[in-house]
Amino acid sequence: MTNPTPPEEAPADNASPEEAPTALANPAPAAPDLANPEPADPAPADPVRLDGWIAPLIATVGVAILSYAVLAVSFHVVMGSGSDGDAHETWSWGAGAARNVMWGAICAIPYVTLLGLVVAWALPWRSRWTTARRRAVAFALLPHAVIVADLLPLLAFGG
């Protein structure tokens with residue numbers, strides 16, 4: 001048996017022969033059936049990220065190393081090095097302000113760093129929480145960055 005092919009329809013009077021096949025190939029979409037709606041596709045699953053622990057781990061190790069180095073340097077800077085016992089009279093205004101900023105960052109390290117690390121480790125291991133985890137890690141390293149950035153004006157103002 002042969003498979004009969006359907007006869008081609010003749011183009012309408014106002015349609016050109018090139019437009020006729022596309023008009024037949026792309027019919028207008030049917031109106032939705034409001035009486036029996038189709039269920040929506042379920043939302044795609046948020047995959048578990050197996051590499052979500054990398055940023056908190058790097059931050060934890062970095063905090064352990066940076067805290068020792070930053071605190072060792074900044075405690076010596078904040079104490080001052082006056083040979084006559086009255087170091088406050090030898091400070092310039094800029095050096096005093098830089099020391100105050102540094103002391104504020106030293107006091108914030110235990111609170112800000114601990115909060116940032118706890119949040120970074122406690123967030124769910126899903127891909128949508130990756131940005132929040134990275135921001136928590138940056139927040140945890142913020143006091144250390146302030147102290148390191150504060151050393152430059154301290155050296156410039158002769159502290």
Side-chain angles (χ1 to χ4, degrees), residues 19 21-159:
E19 292 178 8
T22 58
L24 294 175
N26 298 328
D33 185 13
L34 298 177
N36 298 321
E38 293 182 21
D41 292 333
D46 193 15
V48 175
R49 291 199 51 140
L50 299 177
D51 61 345
W53 57 271
I54 293 174
L57 179 69
I58 290 173
T60 304
V61 171
V63 161
I65 294 169
L66 278 175
S67 291
Y68 177 74
V70 162
L71 290 176
V73 169
S74 59
F75 277 141
H76 288 290
V77 168
V78 170
M79 285 188 298
S81 59
S83 61
D84 59 352
D86 194 11
H88 293 285
E89 292 179 5
T90 61
W91 290 357
S92 66
W93 178 87
R99 283 186 178 98
N100 290 339
V101 170
M102 190 176 290
W103 181 248
I106 289 170
C107 292
I109 282 178
Y111 306 108
V112 174
T113 301
L114 185 63
L115 178 68
L117 289 178
V118 166
V119 168
W121 281 107
L123 284 173
W125 302 108
R126 302 284 180 186
S127 63
R128 68 178 173 174
W129 292 101
T130 302
T131 304
R133 185 173 293 109
R134 288 180 183 158
R135 288 182 180 167
V137 164
F139 183 73
L141 295 172
L142 184 64
H144 301 84
V146 168
I147 291 173
V148 169
D150 197 42
L151 286 174
L152 181 63
L154 189 63
L155 294 173
F157 288 119

Could you list the residues that satisfy side chain to side chain contact (heavy atoms under 4.5 Å, CB included) with [X], not counting sequence neighbours?
X	result
Ala69	none
Pro110	none
Ile54	Asp51, Ile58

Between side-chain atoms of residues 136-152 and protein atoms elsewhere (two or more places apart, or another chain), which donor-acceptor pairs fall under 3.5 Å?
| from | atom 1 | to | atom 2 | distance (Å) |
| --- | --- | --- | --- | --- |
| His144 | NE2 | Ser67 | OG | 2.8 |
| Asp150 | OD2 | Met102 | N | 3.3 |

Heavy-atom nearest pair, Arg126 first then Arg133, reads O-NH1, 4.5 Å
Residues pairing under side-chain hydrogen bond (donor to acceptor under 3.5 Å, both in side chains) where one sits in residues 110-122, two or more places apart or in two chains, turn out to be Thr60-Trp121
